[in-house]
Protein chains: 2
Amino acid sequence: MSQEPNQPAVELADAVPGAPRMGLRERKRAATMRRLQHVALEQFEEHGFDKVTIEHVAAHADVSPSTVYRYFGTKEALVLKDEYDDQLLAVAPMLIADGDVFGGFEKGLRLVGDSHLGLDSGLTLRRTRVWLETPSVRAAGFLQADQMAHDLARIVAESPGNDLDDEQALSVCTAAVMTVFAAIENWYRGAGGRDVVEMTLASLRTVRDAAARGASGPA
Amino acid sequence: MSQEPNQPAVELADAVPGAPRMGLRERKRAATMRRLQHVALEQFEEHGFDKVTIEHVAAHADVSPSTVYRYFGTKEALVLKDEYDDQLLAVAPMLIADGDVFGGFEKGLRLVGDSHLGLDSGLTLRRTRVWLETPSVRAAGFLQADQMAHDLARIVAESPGNDLDDEQALSVCTAAVMTVFAAIENWYRGAGGRDVVEMTLASLRTVRDAAARGASGPA
DNA sequence: ATCGTCCTGACAGTGACTTCCACTTTCCAC
DNA sequence: GTGGAAAGTGGAAGTCACTGTCAGGACGAT
């Protein structure tokens, strides 16, 4: 609890004209979640994920353990939860319209990645450390990626200019999403020295090229 | 504990001339593990993974809970543990020699898949049900697949006729392994009506074709 | 101010998993 | 065979993630 840089620079409701002003309740909730996640990450980095108990985190954030579970559900979610996935999912439909899943993926990544990952690479790296190196968090991360693959597959399968059925869409989306996972791991192993988005694009291109050997040819 | 069809048709040591005859200790151990896994799966199918406690499984298999943990480490491993992965890993080096990871994957799958999955598809399907539909088991399965991807990536990167570096190898292997995961899910959702190996090969081909659009071209 | 609604903290419980120890079984000379 | 070393087994005690419940307090509309 050394520092509390948790005030958002701009209140969401002030920035988005259409949104109804958040009540005190919602603002408190958002603040508590931010504080919890911040405290938790700090503790995880310092003592290791497994050594830190929920009770510990709760005490440091001045809430009860019950509240932690109400907000995050699992200990792993304290590390994994963010708005990144929803963003990618939101822009997905318009990107895959032409039937090129991998291509749409690259476009979407450029779009979301630049706005999200470019800024706080220091924090992101430390967070990624806990994510990739703690087995239980890593496992939960895969579950999340898996869910994302399923959501994308549904979007792809329902996309008009698309020639993949449900099963094929799942295969392709799983491959693409997990390639991103591998790319992030590569980025992390390189101590975050290079650009995440660029590395992810490179990974996707690598898989494309590797897969192209012996493919039936461009459809 | 309704049935105990757990005697192997042929003792391993009898079938493999080179192997030293297993001592009583090892034979007991193997038998107990088989019994435990059988009982556990039976209980999981009947009552659901989450409703069955380790204590329950241990009691039904006539061992103490301690022994279950000594043998399997986690509850999930009771579902996931098998010799399949090691087999695939064992044949991997000779298949990827030509630098075509996806192609080598298809060959390896045909090799191992036929011998392993062709026979007991009924049991495999019920086991897959627990695997895919229980979140914690599913997560552990991803961790296992992830480990496999890393092992394969190392093999690929060290393979002589290969032009991928460590990072590229990880990306490609992750994509390939997770594609298999998706294929198994597709197979399961189809109630196991079609051939697993064929469906997996089809998935790999689908990913190849999808990836080939916009690829830099066959190397 | 006030009343219904939502949220919080406290409590009690379950069960996975770990660690440790006394006891038994298997193995291996001899 | 037999005795001692090595390995395995069961049991007990403990930690901690996670769940469900419930009374009291804070919030929001009136």
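Lettering of chains follows the sequences in order, A, B, ..., and the numbering in each one begins at 1.
In this model, no side-chain donor or acceptor of A:Thr67 finds a partner on the base of C:dG9 within 3.5 Å.
Partners of A:Glu55 under the salt bridge (charged side-chain N to carboxylate O under 4.0 Å, His left out) rule, at least two apart in sequence or in another chain, do not exist in this structure. B:Tyr69 is linked by a side-chain hydrogen bond (donor to acceptor under 3.5 Å, both in side chains) to nothing, counting only residues two or more places apart in sequence or in another chain. For B:Glu133, the salt bridge (charged side-chain N to carboxylate O under 4.0 Å, His left out) partners are B:Arg129, B:Arg189, not counting sequence neighbours. Evaluation of the side chain to side chain contact (heavy atoms under 4.5 Å, CB included) rule for A:Thr206 yields B:Leu164, B:Gln168, B:Val172 as partners, not counting sequence neighbours. Partners of B:His47 by ring pair (Phe, Tyr, Trp, His ring centres under 6.0 Å), not counting sequence neighbours: none found. In this structure, A:Phe105 has no ring pair (Phe, Tyr, Trp, His ring centres under 6.0 Å) partners at least two apart in sequence or on a different chain. In terms of the salt bridge (charged side-chain N to carboxylate O under 4.0 Å, His left out) criterion, residue partners of A:Glu167 (sequence neighbours excluded) are, by chain and number, B:Arg194. With sequence neighbours left out, the side chain to side chain contact (heavy atoms under 4.5 Å, CB included) criterion links B:Thr134 to B:Phe49, B:Asp50, B:Val130, B:Ser136, B:Val137.
One atom, CZ of A:Arg35, and another, P of C:dT8, lie 11 Å apart when rounded to the nearest Å. Between B:Leu78 atom CG and C:dC17 atom C1' there is a gap of 13 Å when expressed in whole angstrom units. Regarding A:Phe72, its CZ atom lies at a distance of 15 Å from the P atom of C:dC7, rounded to whole Å. In this structure, the CZ atom of A:Arg29 is 13 Å from the P atom of C:dG9, given to the nearest Å.
Under the 3.5 Å distance criterion, the side-chain polar atoms of B:His38 are left unmatched by any main-chain donor or acceptor of B:Arg34. Of the possible polar contacts, one joining the B:Lys81 side chain to the B:Tyr71 backbone as a donor-acceptor pair under 3.5 Å is found.
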Exercise. Indicate for each nucleotide in nucleotides 21-30 of chain C, in 5' to 3' sequence, whether protein heavy atoms under 4.0 Å reach the base (B), only the sugar-phosphate (S), or nothing (-).
Key: ----BBS---

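Residue pairs satisfying the salt bridge (charged side-chain N to carboxylate O under 4.0 Å, His left out) criterion with at least one member in residues 135-148 of chain A, sequence neighbours excluded, are listed as follows: A:Arg138-A:Glu185, A:Arg138-B:Asp146, A:Asp146-B:Arg138.
Note on the helix from C:dA1-D:dT30 to C:dC30-D:dG1: angle between the axes of the first and last five pairs equals 30°, rounded to 10 degrees.
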What does the list of N/O pairs under 3.5 Å between the protein and nucleotides 13-17 of chain D look like, with a distance for each?
| from | atom 1 | to | atom 2 | distance (Å) |
| --- | --- | --- | --- | --- |
| D:dA17 | OP1 | A:Lys75 | NZ | 3.0 |
| D:dA17 | OP2 | A:Ile54 | N | 3.3 |

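Residue B:Tyr71 is classed as a sugar-phosphate contact, given heavy-atom separations below 4.0 Å to backbone atoms only.
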